[in-house]
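I have placed the structure first, in the form of structure tokens, so that the comments after it can refer back to it.
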Amino acid sequence: MSETKKRALVTGITGQDGGHLAKLLHEKDYEIYGIIRGQHNPKREAIVEEFPYVTLIEADLCDQSSLIRAMELAKPDEVYNLGAISHVGYSFKNPQLTADITGKGVLNILEAIRLTDAENKVRFYQASTSEMFGGLEYNRPEKGYNEDSAFHPRSPYGVAKLYGYWITKNYRESYNMFAVSGILFNHEGERRGPEFVTRKITKAVARIKLGLQEYIELGDLWPKRDWGYAGDYVEGMWRMLQADEPKDYVLATGETYSIEQFLDLAFKEIGIDDWHPYVKQNPAFMRPAEVDLLLGDPSKAEKELGWKREVDFPGLVKLMVENDLIVEAKNIKL
Ligand code: NAP
Ligand code: F7E
């Protein structure tokens with residue numbers, strides 16, 4: 001164990017952001033501990049192979065004693081709480097589990113920190129979300145949602161995340177902890193889970209190009225999202241924990257596009273100008289309540305943290321399609 005290296009504990013290490021963050025912290029010479037859940041997590045092997053420098057600790061956000069043990073083993077300077085049930089559609093089908101993991105899990109890890117960090121030195125990052133705003137017209141500022149906008153979550157996921165946001169703020173105010181929320185708008189990329197719409201589209205586009213699939217089934221195509229690249233966003237998370245003061249920040253691109261616009265660009269990457277013959281709508285992918293439009297205003301993070309997204313919307317779509325063309329081609333079984 002090095003006495004000089006900074007130490008980070010990351011929940012959600014097997015997820016999209018966990019992978020990007022592990023790479024970033026490694027470049028910054030951190031000693032990294034990642035929480036992995038389950039008796040036989042199928043992602044363990046891939047994580048060990050890709051991130052041999054991460055020490056995995058078995059724990060679960062629902063099991064506070066396991067989190068205390070993780071804190072004692074890792075002795076972190078910084079904790080990044082990325083673990084959650086993060087799929088909005090799934091949260092409608094499993095609302096109580098979502099409340100337990102995505103909501104109460106935040107309390108469990110904050111308590112684990114409070115009980116083990118006698119000097120009150122640990123810095124805590126909570127993965128809050130634009131889903132807390134809800135995307136309705138009445139509370140949407142013209143320049144986009146900012147840190148002072150009113151919340152109106154539209155899913156069990158959004159509601160659970162709002163609890164995580166407030167309990168983080170409450171621990172900051174009650175115990176003087178350096179505990180902050182990053183309110184992040186959608187961020188995607190080559191590590192995005194295939195259950196999210198962007199990756200579902202880019203995988204399908206690659207498979208259609210390779211002759212492995214004929215069409216894709218999707219839900220509503222009109223909702224708009226402020227889509228950025230996940231690699232840019234983990235840099236913002238890290239900057240929040242290096243700041244002089246604990247504050248919450250919005251990370252976003254300041255632009256919003258519909259799923260139809262994502263389809264336009266993704267299919268153009270494989271030379272198809274009209275995607276309509278390749279897309280079928282299936283109500284199974286529609287939600288009981290939809291978030292119409294998300295647009296974020298990242299001015300505060302840009303001004304105070306010097307953070308700015310680098311990858312724009314066309315660049316994001318391009319990198320995802322290019323990646324999936326390679327991934328899917330490798331999977332062709334001759
Ligand atoms: P993700 O790919 O879905 O990863 C979620 C992670 O949470 C996985 O590593 C998962 O582990 C872990 N997890 C689930 N249940 C757990 C439990 N009971 N105990 C411990 N870990 C558990 O999500 P992401 O896109 O990387 O997002 C990271 C965080 O940011 C999430 O909290 C998400 O809600 C939030 N967020 C994401 C976005 C976005 O656009 N990506 C935007 C705003 C906020 P398994 O692999 O074992 O399932
Ligand atoms: O849906 C529509 C769907 O599941 C985007 C999470 O990271 O970002 C993410 O949540 C839009 C929605 O992401 C399909 O109804 C249509 O309008 O990719 P998504 P999300 O719900 O925006 C926020 C910021 C988070 O915090 C979350 O953790 O696409 N949509 N057809 C579809 N969505 C999916 N998944 N699958 C479809 O077939």
Side-chain angles (χ1 to χ4, degrees), residues 10-21 34-38 40-44 46-47 57-63 66-67 70 80-92 97-98 100-102 104-106 108-109 125-133 135 153-155 157-158 160-161 164-165 181-189 191-201 204 216-230 233-234 237 250-252 258-260 262-263 279-294 296:
V10 181
T11 75
I13 196 84
T14 55
Q16 169 187 251
D17 291 4
H20 282 286
L21 186 64
I35 284 180
I36 188 155
R37 67 170 174 151
H40 178 68
N41 191 315
K43 296 183 196 155
R44 173 187 282 272
I47 293 288
I57 300 177
E58 279 134 10
D60 195 296
L61 281 166
C62 294
D63 179 345
S66 76
L67 298 173
Y80 295 84
N81 185 35
L82 310 182
I85 283 185
S86 77
H87 192 268
V88 174
Y90 184 90
S91 81
F92 281 102
L97 189 64
T98 305
D100 286 344
I101 299 174
T102 305
K104 196 167 160 244
V106 187
N108 289 341
I109 187 132
Y125 174 86
Q126 166 57 16
S128 291
T129 169
S130 50
E131 283 290 309
M132 300 187 308
F133 297 124
R154 301 261 296 158
S155 63
Y157 169 76
K161 279 287 182 185
Y165 168 87
S181 269
I183 306 174
L184 271 52
F185 283 65
N186 294 55
H187 44 281
E188 320 287 318
R191 293 181 173 279
R192 191 50 145 158
E195 67 275 32
F196 298 94
V197 78
T198 54
R199 189 78 196 279
K200 189 172 165 183
I201 292 170
I216 176 174
E217 290 192 43
L218 295 170
D220 288 318
L221 304 182
W222 46 265
K224 290 186 159 185
R225 292 290 183 271
D226 182 326
W227 271 309
Y229 176 55
Y233 285 53
V234 294
M237 296 176 188
V250 160
L251 298 185
S258 67
I259 295 148
E260 287 173 327
F262 194 99
L263 284 164
V279 175
K280 292 188 183 177
Q281 279 203 287
N282 183 339
F285 298 113
M286 294 173 187
R287 295 166 184 180
E290 185 51 86
V291 170
D292 293 356
L293 188 154
L294 288 176

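Indexing begins at 1, ligand by ligand and atom by atom, following the structure's order.
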Practice task
Kindly confirm or rule out an N or O of Asn186 lying under 3.5 angstrom from an N or O of ligand 1.
Solution key: no
Practice task
Look only at the side chain of Lys161 and the backbone of Ala127, and say whether a donor-acceptor pair between them is shorter than 3.5 Å.
Solution key: yes
Exercise for the section: Decide if atom OH of Tyr90 counts as having more than 12 heavy atoms of other residues, nucleotides or ligands within a radius under 6.0 Å. Expected result: no
Handout entry: Heavy-atom pair with the smallest gap, counting every atom of Gly158 and Pro153
Key = C-CB, 3.4 Å
Practice task
Look only at the side chain of Asp226 and the backbone of Gly296, and say whether a donor-acceptor pair between them is shorter than 3.5 Å.
Solution key: yes
Practice task
Evaluate the side-chain proximity of Pro223 to Ile259: yes if any heavy-atom separation is below 4.5 Å, no if none is.
Solution key: yes
Fill in the blank from the handout: Short version for Ser128: what comes under 4.0 Å of ligand 1, heavy atoms counted, is backbone
Practice task
Answer side chain, backbone, both or neither: which part of Ile101 comes under 4.0 Å from ligand 1, heavy atoms only.
Solution key: side chain
Problem - Pair Arg225 + Glu290: basic N to acidic O under 4.0 Å - result: yes
Handout entry: Sidechain-backbone polar pair: Thr11 side chain, Leu82 backbone, donor-acceptor under 3.5 Å
Key = yes
Practice task
Provide, to 0.1 Å, the distance between atom 23 (O) of ligand 1 and the closest protein heavy atom, together with that atom's residue and name.
Solution key: Ser86 OG, 3.5 Å
Practice task
Specify the protein heavy atom at minimum distance from atom 31 (C) of ligand 1: its residue, its atom name, and the distance to 0.1 Å.
Solution key: Leu82 O, 3.1 Å
Problem - Polar proximity ligand 1 side, Thr129 side, N/O cut 3.5 Å exclusive - result: no
Handout entry: Within-shell test, Ile35 vs ligand 1, heavy atom, strictly < 4.0 Å
Key = no
Practice task
Pick one of side chain, backbone, both or neither for how Gln16 approaches ligand 1, counting any non-hydrogen atom pair under 4.0 Å.
Solution key: both
Exercise for the section: Quick one: list whatever passes side-chain contact (heavy atoms from CB on, under 4.5 Å) with Asp100, sequence neighbours left out. Expected result: Cys62
Problem - Glu195 N/O to ligand 1 N/O under 3.5 Å - result: no
Completion exercise
Candidates Arg192, Arg44, Glu188; heavy atom nearest atom 41 (N) of ligand 1 found on Arg192
Completion exercise
for atom 36 (N) of ligand 1, nearest protein heavy atom and its distance come out as Tyr157 OH, 3.8 Å
Practice task
Return the residue, atom name and 0.1 Å-rounded distance of the protein heavy atom closest to atom 6 (C) of ligand 1.
Solution key: Gly12 CA, 3.7 Å
Completion exercise
ligand 1 to Lys43, heavy atom cutoff 4.0 Å, flagged ligand atoms 45 (P), 46 (O), 48 (O)
Practice task
Please report which non-hydrogen protein atom sits nearest to atom 4 (O) of ligand 1, along with the residue it belongs to and the distance in Å to one decimal place.
Solution key: Gly15 CA, 3.4 Å
Exercise for the section: For atom 42 (C) of ligand 1, find the nearest protein heavy atom and state the residue, atom name and distance (0.1 Å precision). Expected result: His187 CE1, 3.2 Å
Problem - Any donor-acceptor pair under 3.5 Å from Asn282 side chain to Ala284 backbone - result: yes
Exercise for the section: Kindly check if the number of other-residue, nucleotide or ligand heavy atoms within 6.0 Å of NZ (Lys104) is above 12? Expected result: no
Practice task
Check each atom of ligand 1 against the heavy atoms of Lys161 and keep those under 4.0 Å away; list them by number with element.
Solution key: 31 (C), 32 (O), 33 (C), 34 (O), 35 (C)
Handout entry: Side chain to side chain, Ile201 and Leu263, heavy atoms closer than 4.5 Å
Key = yes
Fill in the blank from the handout: Contact region, Glu131 to ligand 1, non-hydrogen atoms below 4.0 Å, reads neither
Handout entry: Shortest protein heavy-atom distance from atom 8 (C) of ligand 1, along with the residue and atom involved
Key = Thr14 OG1, 3.5 Å
Exercise for the section: Could you say whether the N/O atoms of Ala127 and ligand 1 ever approach to under 3.5 Å? Expected result: no
Handout entry: Sidechain-backbone polar pair: Lys43 side chain, Gly15 backbone, donor-acceptor under 3.5 Å
Key = no
Exercise for the section: Identify which of Pro42, Gly38, Ala84 has a heavy atom lying nearest to atom 13 (N) of ligand 1. Expected result: Ala84
Handout entry: Side-chain H-bond candidate by donor/acceptor type, Thr98 with Ser91, under 3.5 Å
Key = no
Practice task
Considering heavy atoms of the protein only, find what lies nearest to atom 48 (O) of ligand 1 and give residue, atom and distance to 0.1 Å.
Solution key: Arg37 NH2, 2.8 Å
Practice task
Considering the heavy atoms of Leu184, write down every atom of ligand 1 situated less than 4.0 Å from one of them.
Solution key: 42 (C), 43 (C)
Are any protein N/O atoms closer than 3.5 Å to the N/O atoms of ligand 2? If there are, list each pair with names and the distance to one decimal place.
| unit_1 | atom_1 | unit_2 | atom_2 | d |
| --- | --- | --- | --- | --- |
| ligand 2 | 4 (O) | Arg287 | NH2 | 2.8 |
| ligand 2 | 7 (O) | Arg192 | NH1 | 3.2 |
| ligand 2 | 7 (O) | Arg192 | NH2 | 2.9 |
| ligand 2 | 8 (O) | Asn186 | ND2 | 3.0 |
| ligand 2 | 15 (O) | Glu290 | OE1 | 2.6 |
| ligand 2 | 17 (O) | Arg225 | NH2 | 3.1 |
| ligand 2 | 17 (O) | Glu290 | OE1 | 3.2 |
| ligand 2 | 17 (O) | Glu290 | OE2 | 2.9 |
| ligand 2 | 18 (O) | Val197 | N | 2.8 |
| ligand 2 | 21 (O) | Arg287 | NH1 | 2.6 |
| ligand 2 | 22 (O) | Asn186 | ND2 | 2.8 |
| ligand 2 | 22 (O) | Arg225 | NE | 2.8 |
| ligand 2 | 26 (O) | Thr129 | OG1 | 2.7 |
| ligand 2 | 26 (O) | Tyr157 | OH | 2.7 |
| ligand 2 | 28 (O) | Ser86 | O | 2.6 |
| ligand 2 | 28 (O) | Tyr157 | OH | 2.8 |
| ligand 2 | 31 (N) | Gly219 | N | 2.8 |
| ligand 2 | 35 (N) | His87 | NE2 | 3.3 |
| ligand 2 | 35 (N) | Glu195 | O | 2.9 |
| ligand 2 | 38 (O) | Lys200 | NZ | 2.7 |

Exercise for the section: Taking Gln281 for its side chain and Gly219 for its backbone only, find out whether a donor-acceptor pair lies under 3.5 Å. Expected result: yes
Handout entry: His20 side chain near Arg191 side chain, heavy-atom distance below 4.5 Å
Key = yes
Fill in the blank from the handout: Taken in chain and number order and not counting sequence neighbours, the residues that satisfy side chain to side chain donor-acceptor pair (under 3.5 Å) with His187 are Asp17
Problem - For Glu58, salt bridge (Lys or Arg N to Asp or Glu O under 4.0 Å) partners two or more places apart - result: Arg44
